[in-house]
Structures are given as structure tokens and as C-alpha cells.
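A short worksheet on the structure shown next.
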There are 2 protein chains.
Amino acid sequence: MPHDPFSPAHQFNHCSLSTNKSMGRPALHMDCLTKTMGVLDALVMRKRVFTKGSDLIHEDQQGQNAYLLQSGWSCSYALLRNGTRQIINFHVPGDLIGIRRLLIPDVDGNLCAVTRIEVGEIDIESLLAALRSNNCLAMAILWLAFRDEAIVSQHLVDVGRRRPVNRAAHFFLELGSRLSIAHPDMKTAYECPLTQSLIADALGLTAVHFNRVLRHLRELNAMTFHDGWVELLDFDKLEHLADFDASYLQ
Amino acid sequence: MPHDPFSPAHQFNHCSLSTNKSMGRPALHMDCLTKTMGVLDALVMRKRVFTKGSDLIHEDQQGQNAYLLQSGWSCSYALLRNGTRQIINFHVPGDLIGIRRLLIPDVDGNLCAVTRIEVGEIDIESLLAALRSNNCLAMAILWLAFRDEAIVSQHLVDVGRRRPVNRAAHFFLELGSRLSIAHPDMKTAYECPLTQSLIADALGLTAVHFNRVLRHLRELNAMTFHDGWVELLDFDKLEHLADFDASYLQ
DNA sequence: CGCCGATTTGAAATTTATCAAAGTTTGTGG
DNA sequence: CCACAAACTTTGATAAATTTCAAATCGGCG
């Protein structure tokens, strides 16, 4: 095993927000984003810790906060009356979560801590006020919103039109890409604290079937996932399987 | 048939942007949105017409425009190497489309005219400039982005965790809700210029299977869809099937 | 040690896709 | 206005994929 599975991967950082490759439409957002970081940090009222499995935001409750995820992973999900769950997206350290309630109350579904997490709590009214006075911040948040939408759209494509094996390949490639923005070494092997059951609920599969899919990927020598650790053994094969193009992530 | 299928349903209007029910967080966005309309209209450089089936935006091409959909329907979609297509969302008159390329080049996938459409073309650089100087406009666009994300998230839930019958029910209820924002009479019966094949590609089904699903819904006396016309015969039954809650649409 | 959650495997049942073909509608050119 | 072609809808039969149900294993943890 090329990496130590016990290394502290969930340390504090701001990867998604602070680091970005140069873009077609250059400097503009980089400026916004770097400036933004300070603004957002200033808006953090206090640090909070949520235990594994606890809800940050629940549909019913009228939460008034957004969160800057500092360590650990969380996910947003929907619970259906038929007893199933669809996970919309997983969030990794650096992600800003719960911002949709900024403008649309009640519409961020559920947010749940997948591991123990540390977050910076941001009062939504202060954030609103900051947005109104700081145009650069507004652009940065807009950029985040577009990016989130692009990610969710890809998940829809995944679930709607890719076969389970290709879908799983796409999922792990996307995660690797997202993590590697802040930690380039995480592109082909990374710690992943998710259970098979959680991922299955993100991919629209049963846990049993997803387990078989993983075996298939292992037998193809494409990748492995065990003990909370993902290894993308054959990146090219995976990219081909997944029909993956990371441009939507930047 | 209670409605004339030949009535001009695709007339010019701005439903999605101009008309909105009151929200939990009141006046704020209404202000923004109504003010915004004028600003957006002012940004429209010229009116363009696209023929049915033509692409407004194609992945490869570096388009520099967003569009205000004035009449007709369009859709955003992804084409996969395996020959399938996933439709991400359909757009109805009043929708602002192609805005994601505002900040993320290359990431609006494909946009295609489902019917003959008339659009107001908005130069993306002018829109950017307007956003920078007009904070209210920025907030309105942010609101639109959040709403779009909520809609796509629901589609993901649909495709990932609802059975085809419930999925179809949800689809038609959502469309009805979206249309009824501007045209209250369209909530339970509306013109719908989509083919079964298009809807199947939005729902992650084959056209053949979706056709059987439609038959099932018809036999349930829940709804019918033929000749480009949708009738939601038993709204309660549909809502129950779909586990539908329109709050994400407002 | 025993329990609990997560993973793994097998077998059967169900759902959904695929293939094929017949109707039907729609649009176009003569 | 008709004839024809193309696209869309509908149905049946069959094949394939996926879920469901059941049970065994594994590992961590009190």
C-alpha cells in the first residue's frame, strides 16, 4: 500500500475555494476568489464540530447558517417516502455548504456529516449583507453556485445514462479531481471515508450491486477501494470507462 | 378535450423571471427580480430565431452569449460516447439560459431548440459588466443559479431513486408547476411540445419503456399525454405517486 | 466474548432494455 | 391536395441487468 491509511488527510484547508487553475477567462475570478477567502473567513462567527452522522441542516428546521467545511466530509441528500435516499453530492474540506438557503429558504435539503467534521459557521444574514456591499464576493459565490450546478448535472448524467461500472469509475475520478485541486498527490490515490452504502446511494444503485461493481473494477485492475482508501491503478482505463473530462471542475 | 391544442401557447413572455410568488424571505428578491427584468431586457442585443432541433450552444464552440428564451422550448443535454443522451433540463419561455458560461467557459454543455424558438441574445461580457456594477442584478442571477441547481438536484433524485412511474409523475408535476408560475391555468393541463423520446432521455429511460409507463399512468386515470398535450387528471394521485413538493420551485 | 455495522457472496425474482415490426402522425415536394 | 418519407408511437417477445432476499464473514468496540 503506497500510502499510509492513517495519515491525517482531513486537515484544515480551503482547497476548493482558495486554489484554482487558471481559467479561460483569466485573472477575474482568481482575484475574486482569493479576495473572497478573507471575506468569508471574517464572516465565520465560530467554529463548530458535528459528530459523524449528525445533521447540519434538516429539511424541516429553518437554519440560518451556511458552513465552511474545514475538516471531514459531509453530504447533501434527499429522503424519499419510499424509504430510499439519494445523495446529491459529497462535500470535502474547503467546500462552502448550505449557501442555497441564502436566497431560497427550505431548499437545501438535508446536510449530514459523513465523518466527524469541523466547520466555520457563517450567519446567512451577514453573508447576505456582505454580498450586497461586496460585488467581488457576490461574483465568487455565483461562481461557486455555477460549479455546484455543473457537478450535480454530471451526477445526473452519471445516474441517468452511464452503466454502473462506468458510473462508479466516473465517481471516483471526479472525487480524485476535486481533491487534487488542493492536494495534487491525491489524484490517483486518496483517503475516502465513505461507506459502500453511501456511495451506492449517490450512484442510484443498491449497496449489494455496487459491491459487485467494485469487484468488477478490481478484477479489471482499474482501481480498488477498501479500508477507506481509493487507488486508481489504471487511470487511462478509468478515464476511458467513465468518458471523463474534468473541465467541468475547472 | 378541455383545451384547444392549437392555441398559441408559446407566445412571448417572461414568466420565470418576471413573476414569482411571495417568498419566505420577502420583498428582497422580488425587488431584485422585477428591477432585473428591465436590466436584462436592456442587455438584449437582438432577437434571434433558432429552428427546431438546432443548437444554440455546442460544447466545442466558444459561444459568448446567453439567451433569454422568449418563445418555444429548449433543453440542455449531454451526449455520451456510448451513444446515449442525458437531458439535464428543459427550458420554457421566460427562462434565462446559457448563463453558466458567464463564469465557467465550456461548461454549459449543449443547448438545443426543442421547438422553433425566439430568444433575446445577451452578450456575456456586457452581462458581466452589468453584474459588476449592479448588485441587485447579481443577486437575481445568483437566485436563478440556486433555483436551477435545486431543479437539477430534483432530477437527480428522480432518476436515482424513483421508480419510472413515480419519476414520470414527478416530471409532469414539475413542468406543470413551472409553467403555472406565469400561467396559473397551466397547472393541471398544458401544452407540451416534447416527444416521448426526449422525455425518456431526461428520465433515464428508453423511449419504449417510457411509452409503457405512460400507458400505465393512463390506465391509472392519473394523467394523459398525447398530441403534445398533458392532462393531469388526478392531481392528488399524481402528487402521491411522485412524492412531490413544489417548494424547491418557490 | 459477543454485538453491530459493513462487506461479500449466492440464488431467485423483478425490472428494464433490446430487438423487431406494425401503426400513426407529420412534414415535404410534386 | 396527394404521395411519400421520415419521425414518432405502440405493441410483443426475448434478453440482460438489477434488485431483493438470505446468509456468511469480517472487523472494531464496549
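All chains are named by letter (A, B, ...) in the order of the sequence lines, taking the proteins before the strands, and each is independently numbered beginning at 1.
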Are any protein N/O atoms closer than 3.5 Å to N/O atoms in nucleotides 27-30 of chain D? If there are, list each pair with its distance.
none

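Closest heavy-atom contact between B:N166 and B:L241: OD1-O, 3.0 Å. The two residues A:G72 and A:T115 come nearest to each other via the heavy atoms CA-OG1, 3.2 Å. Residue B:R48 comes nearest to B:E121 through the heavy atom pair NH1-OE2, 2.7 Å, listed as atom of the first residue, atom of the second, then distance. Of all the heavy atoms in B:L80 and A:R162, the pair that sits closest is CD2-CG, 3.5 Å. Residue A:Q86 comes nearest to B:V157 through the heavy atom pair CG-CA, 3.7 Å, listed as atom of the first residue, atom of the second, then distance. In this structure, A:R167 and A:V159 approach most closely via the heavy-atom pair NH2-O, 3.5 Å.
One axis for each end of the helix from C:dC1-D:dG30 to C:dG30-D:dC1, each built from five base pairs, and the angle between them comes to 40° at 10° resolution.
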Treat primed atoms plus P, OP1 and OP2 as sugar-phosphate and everything else as base, then score nucleotides 8-22 of chain D 5' to 3': B for base contact with protein heavy atoms under 4.0 Å, S for sugar-phosphate contact only, - for none. -SSBBB---SSBBB-

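Remark: the backbone N or O of A:I97 is not paired with any side-chain donor or acceptor of A:D95 at under 3.5 angstrom.
Ring geometry for A:Y248 against A:H170 counts as parallel: the plane angle stays under 30°, on a 0 to 90° scale with 60° as the upper cut. Classification of the A:F210-A:F172 ring pair by plane angle, with boundaries at 30° and 60°, yields parallel.
Between A:R100 and A:D148, no side-chain nitrogen of the basic residue sits less than 4.0 Å from a carboxylate oxygen of the acidic one, so the salt-bridge criterion is not met.
The CG atom of A:L217 sits 16 Å away from the C1' atom of C:dT7 (whole-angstrom rounding).
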